[in-house]
Protein chains: 2
Amino acid sequence: MHKEHTLTKNQQIIFDLINKSSEPMKAYSILFNVQKKGIKAPLQVYRALDKLVKIGKIHKIESRNAFIACHNSSCQVANATAFSICEICEKVTEISSASLSKYLANFKDKDGMKYSKYNLEFFGLCKKCDTK
Amino acid sequence: MHKEHTLTKNQQIIFDLINKSSEPMKAYSILFNVQKKGIKAPLQVYRALDKLVKIGKIHKIESRNAFIACHNSSCQVANATAFSICEICEKVTEISSASLSKYLANFKDKDGMKYSKYNLEFFGLCKKCDTK
DNA sequence: TTACATAGTGTTATATTATAACAATTAAAT
DNA sequence: ATTTAATTGTTATAATATAACACTATGTAA
């Protein structure tokens, strides 16, 4: 469960935009889309993104430098993320699999070390693209 | 097992540098270090990096925009990578765990879909940093 | 061995992603 | 009320990455 955070104006504007988007959004595309709402500079966007990532409302898709809203309601999810990415249409879906997250949360390396966070990105073809 | 590739001059220079490094290297740091060998422009570096990534000799650490040599001798590894990253000292280690790679290679999402590639990054504290 | 295709090179310019630094403002917590 | 932390607005700049073009080397196959 998320601790509830009250978003500031900029954070809310940017979260709403990302949340409505059907695909990951890049920072400068976000900037372009919120300029009419008075957010004019990259840094205003990046600061809001940083915060939203930190509190788990959005995630960064590292391989794409893009951001999507978290739709995983069972969250501890800022720290434990998994995505599938279609290499043709670039559709990204957050994976919520109890067995996967359990496996990864408990994974120990050779030295017996556990980790506090992970991010996993799967690549392949989505159903649509696979059947073309 | 890797198919053997003969590296070109630029590729070899850049691979050697990354391979000797004890830590992930960033593109412009690589550039700086190979300028004395006649590689003068970012694009020369990025082209070599692209190829080296493609053939699995190096991997990109996406969350750090940095590159490390592959030390995983049992490779199909261009397509299936896992790393641990220390959030204090930034040490990165490639994880080679048969059970992990088996688990992930066989992972199916809710739609029963399998993926042809993945990249996993674990974050935490390395042994050294944890005991400080 | 010539021709053709493929991959790599060198170069300049530019696009894209992200942060530094500073002054001012707002919110929250004593 | 005061002060502490977080956020904002702004300008400038750093860091990461690609486009476009002309040219060279290498492999393959007629």
Side-chain angles (χ1 to χ4, degrees), chain A residues 2-18 21 23-68 78 87 90 92 119 121, chain B residues 2-18 21 23-68 78 87 90 92 119 121:
Chain A
H2 284 312
K3 174 166 176 305
E4 283 310 320
H5 291 265
T6 314
L7 301 184
T8 65
K9 182 162 147 283
N10 287 1
Q11 290 161 9
Q12 189 69 55
I13 289 168
I14 288 172
F15 175 71
D16 288 345
L17 179 66
I18 296 170
S21 173
E23 40 185 45
M25 292 196 76
K26 306 198 139 214
Y28 277 72
S29 155
I30 292 167
L31 175 59
F32 178 80
N33 277 277
V34 297
Q35 275 177 331
K36 52 196 162 222
K37 306 217 170 173
I39 296 176
K40 289 173 188 160
L43 200 43
Q44 296 175 290
V45 173
Y46 280 104
R47 286 198 283 224
L49 290 173
D50 282 352
K51 186 63 189 291
L52 291 167
V53 166
K54 201 166 294 171
I55 65 179
K57 300 280 287 179
I58 65 172
H59 305 303
K60 183 172 186 182
I61 308 303
E62 292 287 356
S63 66
R64 299 300 188 260
N65 299 318
F67 300 85
I68 64 170
E87 290 185 294
E90 293 291 325
V92 173
N119 179 54
E121 296 181 2
Chain B
H2 285 312
K3 175 167 176 302
E4 284 310 321
H5 290 266
T6 313
L7 302 184
T8 65
K9 183 162 146 285
N10 287 1
Q11 290 162 9
Q12 190 68 56
I13 289 168
I14 287 172
F15 175 72
D16 287 345
L17 178 66
I18 297 170
S21 172
E23 41 185 46
M25 292 196 76
K26 305 198 138 215
Y28 277 71
S29 155
I30 292 167
L31 176 58
F32 177 80
N33 276 278
V34 297
Q35 275 178 331
K36 52 195 164 225
K37 306 216 168 171
I39 297 176
K40 288 174 191 160
L43 200 44
Q44 294 175 292
V45 173
Y46 280 104
R47 286 196 284 224
L49 290 173
D50 281 353
K51 186 63 189 289
L52 292 167
V53 166
K54 201 166 291 172
I55 65 180
K57 301 280 286 179
I58 65 173
H59 305 303
K60 183 173 187 181
I61 309 301
E62 291 286 357
S63 64
R64 299 301 187 258
N65 299 317
F67 300 85
I68 65 171
E87 292 186 293
E90 293 290 325
V92 173
N119 179 54
E121 298 181 2

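A note on names: the letters A, B, ... follow the listed sequences, proteins ahead of strands, and every chain is numbered from 1. Note that the coordinates shown come from a computational prediction; the quantities given were computed from them, not determined experimentally.
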**Q** Write down the distance between CD (B:E62) and C1' (D:dA17), rounded to a whole number of angstrom.
**A**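 Nearest whole value for this atom pair: 13 Å.
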**Q** For A:F32 and C:dA15, what is the distance between atoms CZ and P respectively, to the nearest whole Å?
**A**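 It works out to 16 Å between those atoms.
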**Q** Please report the distance, rounded to the nearest Å, between CG in A:L49 and P in D:dT7.
**A**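 These atoms are roughly 13 Å apart.
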**Q** Quick one: OG on B:S29 to CD1 on B:I18, what's the gap to the nearest 0.5 Å?
**A**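 Output value for this atom pair is 9.5 Å.
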**Q** Nearest-Å distance, CG (B:L31) to P (D:dA17)?
**A**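 Atom-to-atom, B:L31 to D:dA17, this comes out as 13 Å.
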**Q** Let me know the distance between NZ of B:K9 and C1' of C:dT9, rounded to the nearest Å.
**A**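 Atom NZ in B:K9 sits about 9 Å away from atom C1' in C:dT9.
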**Q** Shortest non-hydrogen contact from B:L7 to B:F15?
**A**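 Residues B:L7 and B:F15, closest heavy atoms: CD1-CB, 4.1 Å.
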**Q** In whole angstroms, how far is the C1' atom of C:dA7 from the CD1 atom of B:I55?
**A**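 Atom-to-atom, B:I55 to C:dA7, this comes out as 13 Å.
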**Q** Between the protein and nucleotides 16-20 of chain C, which nitrogen or oxygen pairs come in under 3.5 angstrom?
**A**
{"from": "C:dT17", "atom 1": "OP1", "to": "A:K26", "atom 2": "NZ", "distance (Å)": "2.5"}
{"from": "C:dA18", "atom 1": "OP1", "to": "A:K60", "atom 2": "NZ", "distance (Å)": "2.7"}
{"from": "C:dA18", "atom 1": "OP2", "to": "A:Y46", "atom 2": "OH", "distance (Å)": "3.1"}
{"from": "C:dA18", "atom 1": "N7", "to": "A:Y28", "atom 2": "OH", "distance (Å)": "2.8"}
{"from": "C:dA18", "atom 1": "N6", "to": "A:Y28", "atom 2": "OH", "distance (Å)": "3.1"}

**Q** Quick one, B:V45 with B:L49, criterion side chain to side chain contact (heavy atoms under 4.5 Å, CB included). Give me CA distance, side-chain angles, the key distance, then yes/no.
**A** CA-CA 6 Å; B:V45 173; B:L49 290 173; 3.7 Å; yes
**Q** Nearest whole angstrom, please: distance from the C1' of D:dG9 to the CG of A:N10.
**A**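 Roughly 9 Å, once rounded to whole Å.
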**Q** Tell me whether the side-chain N/O atoms of A:T8 come closer than 4.0 Å to OP1 or OP2 in D:dA6.
**A**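 No, A:T8 has no side-chain N/O under 4.0 Å of OP1/OP2 on D:dA6.
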**Q** Taking atom CG of A:N65 and atom NZ of A:K60, what is their separation to the nearest 0.5 Å?
**A**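 If we round to the nearest 0.5 Å, A:N65:CG and A:K60:NZ are 5.0 Å apart.
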**Q** For D:dT8, take OP1 and OP2 only and decide whether either is under 4.0 Å from a side-chain N or O of A:Q44.
**A**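 For D:dT8, OP1/OP2 do not have a side-chain N/O of A:Q44 under 4.0 Å.
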**Q** Among side-chain atoms of B:E121 and B:S63, is any donor-acceptor pair under 3.5 angstrom?
**A**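 Result is yes, a qualifying pair exists.
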**Q** Is it true that a side-chain atom of A:Q12 and a backbone atom of A:K9 form a donor plus acceptor pair closer than 3.5 Å?
**A**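 Side chain of A:Q12 to backbone of A:K9: no pair is present.
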**Q** Would you please confirm or rule out a distance under 4.0 Å between OP1 or OP2 of D:dT7 and any side-chain N or O of A:K51?
**A**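 Looking at the OP1 and OP2 atoms of D:dT7, one of them is under 4.0 Å from a side-chain N or O of A:K51.
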**Q** Would you mind classifying the nucleic acid contact of B:Q11 as base, sugar-phosphate or nothing, using non-hydrogen atoms under 4.0 angstrom?
**A**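 Sugar-phosphate contact only.
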**Q** A:R64 and salt bridge (Lys or Arg N to Asp or Glu O under 4.0 Å): which partner among A:E90, A:E87, A:E23?
**A**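 It is A:E90; the other options fail the test.
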